[in-house]
Amino acid sequence: MLNFTLPSGLILFDMNKVGVFTSGGDAPGMNACIRAVVRTAIYKGLEVFGIERGFNGMIHNRIGQLNSHSVSNIIQRGGTVLKTARSEEFRTKEGREMACRHLKARGIEALVAIGGNGTYAGAKIFYEEFGIPTIGVPGTIDNDLFGTDYTIGFDTAINTAMQAIDKIRDTADSHDRMFFVEVMGRDSGYIAMDVGIGGGAEAILIPEIHTDAMHIVELIRNGWGRQKSSQLFIVAEGDDAGGVDAVVKNILEYVPEMNYRITVLGHIQRGGSPTARDRVLASRLGEAAINALLDGKISQAVGLVNNQIEFVSFEDAINKIKPIDDSLIKLAEILST
Ligand code: F6P
């Protein structure tokens with residue numbers, strides 16, 4: 001049994017078994033985070049258990065002990081070796097009771113949950129009902145979580161999308177064509193914004209800003225007026241106009257003569273070997289999550305703010321919106337003129 005004692009003599013938290021899982025959409029760098037959680041836990045004298053397929057694995061007792069070797073050779077791999085799921089069963093009280101029973105049977109006293117908003121919401125209610133302390137680690141390509149400047153997987157996703165867009169530019173230019181490229185981002189435009197600025201887009205359409213079809217039409221006509229050979233528009237899948245197909249349909253009413261193609265980058269953005277930045281972020285956050293549990297933190301998410309480890313309550317992480325920086329929106333507008 002491991003006791004952590006403050007200089008004052010106060011015992012903070014008594015824990016010797018911790019579980020780790022990934023949940024929601026996978027993100028490159030999740031494996032690097034699992035590795036950091038496992039190795040930090042072992043370093044601190046804890047036993048650590050991997051839970052497969054997120055909350056589903058707790059319900060169906062897919063839990064196994066991990067050692068340092070279990071996480072060898074995974075830091076460079078995309079996806080998640082623990083697999084992931086969005087669990088419908090965990091939304092029910094019976095499902096959560098079953099999950100708790102299986103954790104208790106193994107003596108697991110605390111959890112590290114790597115995922116997004118839905119993962120945090122599940123962990124929060126689980127603590128409220130059954131008192132299992134959990135630290136959340138932000139793992140989603142969308143970068144839309146309050147309490148951290150960056151989420152694990154975002155950097156890899158934008159670089160993957162950028163590479164695709166550079167290739168699209170070659171063919172767009174050769175055919176004097178317009179391209180409308182849809183990137184991921186169900187509720188937020190973080191991916192679209194960075195990819196659009198980095199890819200030199202004419203316009204970036206994101207859920208946070210109302211899309212005005214007439215404005216896009218104006219940009220297209222201006223481009224033609226300036227003999228632009230190709231034009232690139234980036235559309236976040238969750239754009240308020242309804243995604244790339246709906247956007248193009250609206251625009252075509254005014255410029256039916258345009259020569260265009262649509263590309264939906266889709267799940268390509270979720271895969272691949274994580275960038276160095278994502279691996280380091282994931283490693284730092286994974287270590288911090290274990291330290292936080294040992295410090296007695298509960299129901300909080302770890303994040304990186306101004307390059308420092310910070311914590312935010314699940315309540316805030318779930319309910320507060322991380323707004324897109326206004327200066328980026330302005331920059332995109334200036335650079336596309
Ligand atoms: O949350 C990450 C994300 O990639 C979103 O950008 C996207 O809308 C969603 O997951 C897709 O989910 P699924 O893989 O279940 O289709």
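Whatever order the structure lists ligands and atoms in, that order sets their numbers, starting from 1.
- Numbered from 1 in the order shown, with element, the atoms of ligand 1 that lie under 4.0 Å from a heavy atom of Gly185 read 6 (O).
- Ligand 1 is never approached by Gly116 to a heavy-atom distance shorter than 4.0 Å.
- Under the 4.5 Å side-chain contact rule for hydrophobic residues, Phe311 and Ile152 share a cluster.
- Heavy-atom contacts of Met184 reach the following atoms of ligand 1: 4 (O), 6 (O) (cutoff under 4.0 Å).
- When only non-hydrogen protein atoms are considered, atom 16 (O) of ligand 1 lies nearest to His267 NE2, 3.4 Å.
- With hydrogens left out, the protein atom closest to atom 6 (O) of ligand 1 is Asp142 OD1, 2.7 Å, a heavy atom.
- Ring geometry, Phe180 versus Phe233: the interplanar angle falls under 30°, so the pair is classed parallel (tilted spans 30 to 60°).
- Of the polar atoms of Ile141, none of the N or O atoms is found under 3.5 Å from an N or O of ligand 1, judged by distance alone.
- The nearest protein atom to atom 13 (P) of ligand 1, hydrogens excluded, is given as Arg86 NH1, 3.5 Å; this is a heavy-atom distance.
- By the 4.5 Å heavy-atom criterion applied to side chains, Trp224 and Met258 are counted as neighbours.
- Counting only non-hydrogen atoms, the option in Arg270, Glu237, Gln269 that gets closest to atom 8 (O) of ligand 1 is Glu237.
- A side-chain donor-acceptor contact under 3.5 Å links Ser87 and Asn56.
- Listed by chain and residue number, Phe55, Phe126 satisfy the ring pair (Phe, Tyr, Trp, His ring centres under 6.0 Å) test with Phe90 (two or more places apart in sequence, or in another chain).
- Remark: Arg284 CZ is packed, more than 12 non-hydrogen atoms of other residues, nucleotides or ligands lying under 6.0 Å away.
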